[in-house]
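Down below is the structure, laid out as C-alpha cells.
Because the structure is a prediction, the values reported are computed rather than measured. Note that ligands are numbered from 1 as they come in the structure, with each ligand's atoms numbered from 1 the same way.
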Amino acid sequence: MLENAMIATPEEVCRMRESLESDGKRLVFTNGCFDILHCGHVRYLAAARELGEALVVALNSDSSVRAIKGDGRPVNCESDRAEVLRGLRSVDAVVVFGTPRVTELIRTVRPHIYAKGGDYTPETLDGEERAALEEVGAEIRILPLVEGRSTTKTLARLRGGKGRKLRLGVLGSGRGTNLRAILGAIDAGELDAEVVLAVSDNPEVGFLEIARGAGIPAMWVEAGEKLGSLPMAGQKAIVERLRAAGVDLVVLAGFLRVLKGPVLEAFPDRIVNIHPSLLPKYPGLRAWEQALEAGENEAGCTVHLVGAEVDAGTILAQSRVPVLEGDTAETLYARIGEAEHRLYPRVIGEYGARVLQKG
Ligand code: GRF
C-alpha cells in the first residue's frame, strides 16, 4: 500500500485513507512514544489493527518524547522506533509528529477510528484532541492495557530497581514544613530521593518559597474559589507536569484540594499523604483539635496511600505522641509536627523503594 519508506508523510497517509475509504474500509489511527517496545505494545497494536483494515501509528518525535517524559528519553531515536514498529504485522504506516499534541495530524488524516491505550478514558483525552476527533467524525476506542508490561518497568528491571534516585513530586498548600523536612532528609543522606516538582494551589505560600529556594521546579495550579476542590483542568495539568517530570511517587504535604480521577488513575498506589491524627480517628481539618476536644491522651500522625476517599486509604505508618497536661491546640500540633517530620521522610524512602522495585 505504501512504498517501503520507514516513515510516511502525512500526505501519503491521507492517500492511504482515501483509497481505503473508496473500498469501504476503515483506517485506524493511534499515537504514542513506543520507545522500548514490549509485548504490551505489540498486543495493543494488534488489537487496534483489528478495529479496521489498516493501522497508522503517529509516533512522537524525539523532541516531543523529551518534552513529555523528561531528559533521558527516548532511549531509541525516532527512526529506530519507526523501523521497529514497521516490523510489526499490525502496523501499516508510521508517521512522525513533533507537536506536543497530535491534533493537527488528526485533522489532516481524518482517521475513521482513533485507538488509545486504557490509561485514558474518553473524558481524560486531551480536550483539543477530542474536539479534533469529533470534528473529523472519528470513532474513539479505548483498548485495555496489558497488565504488568510497561517501558518504565522494563527500564526499572534493567536498573535492577536500584541505582536510581526516587523522583518525588510534592504537593502542598501551606507552610511547607514537611517539604523542608523531606529536603533536609535528602541533604543528610537519609532519604535517597530528589524532589523534581513542587505543586501548590496557592501562589504565595511558604511551601512554594521553600521549593524555589531549593531550586526545585515549582508549579502553581489555578484552583478556583471552591475550598477543597480542584477543577478538572487543574487535575489534568498536574498529571501532565508530574508525568513530564518523571515522578515516581506523589507526596501530599498539606495539599488542601481533593485529587480526583485523572491524578488517582495516573498514579495508582503511588500517592501518599500525611495526616495529623491517628487515622481512622479524626479525618478532616484541624484533626489535633478534634483529638484534644475529645479528651484523648495520645495523638499522632498517619502516612497513608491516597484514594478517592479523603483521609482514608491503606495506612503505611503511624507515629504516636502523648497529649500532655495543659496542652493547647498549638502545643499539641507542634509536637505532632515534629513527629511528622521524622516519620514522613522515612516512610517515603521505604515505600518509594517498593515503588521503584515494582516499576
Ligand atoms: C501537616 O500537619 C499535615 O499533617 C497536614 O497538613 C500539614 C502540612 O503542614 N496534611 P506543612 O505545610 O508541611 O507545614
Which of the ligand 1 atoms, numbered from 1, are nearer than 4.0 Å to a heavy atom of Glu340: 1 (C), 2 (O), 3 (C), 4 (O)
Between the side chain of Arg49 and the main-chain N/O of Glu53, is any donor-acceptor distance below 3.5 Å? yes
Rounded to the nearest 0.5 Å, what separates atom [atom1] in [X] from atom [atom2] in [Y]?
{"X": "Leu252", "Y": "Asn178", "atom1": "CG", "atom2": "CG", "answer": "11.0 Å"}
{"X": "Glu83", "Y": "Glu78", "atom1": "CD", "atom2": "CD", "answer": "13.0 Å"}
{"X": "Glu209", "Y": "Ser200", "atom1": "CD", "atom2": "OG", "answer": "11.0 Å"}

Can you tell me which residue and heavy atom of the protein come closest to [atom], and the distance to 0.1 Å?
{"atom": "atom 14 (O) of ligand 1", "value": "Thr177 OG1, 2.5 Å"}
{"atom": "atom 8 (C) of ligand 1", "value": "Gly254 CA, 3.6 Å"}
{"atom": "atom 5 (C) of ligand 1", "value": "Ile274 O, 3.7 Å"}
{"atom": "atom 9 (O) of ligand 1", "value": "Arg175 NH2, 3.6 Å"}

Minimal heavy-atom distance between Asp62 and Pro74, with the atoms involved, is OD1-CG, 3.5 Å
With Cys33, which of Val75, Asn60, Leu59 fulfils side-chain contact (heavy atoms from CB on, under 4.5 Å)?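 Looking at Val75, Asn60, Leu59, the match for Cys33 under the side-chain contact (heavy atoms from CB on, under 4.5 Å) is Asn60.
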Strictly under 4.0 Å, does any heavy atom of Gly176 approach an atom of ligand 1? yes
With a 4.0 Å cut-off on heavy atoms, does Tyr333 reach ligand 1?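 Yes.
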Side chain, backbone, both or neither: His275 near ligand 1, heavy atoms under 4.0 Å: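 His275 to ligand 1: backbone contact only, side chain stays beyond 4.0 Å.
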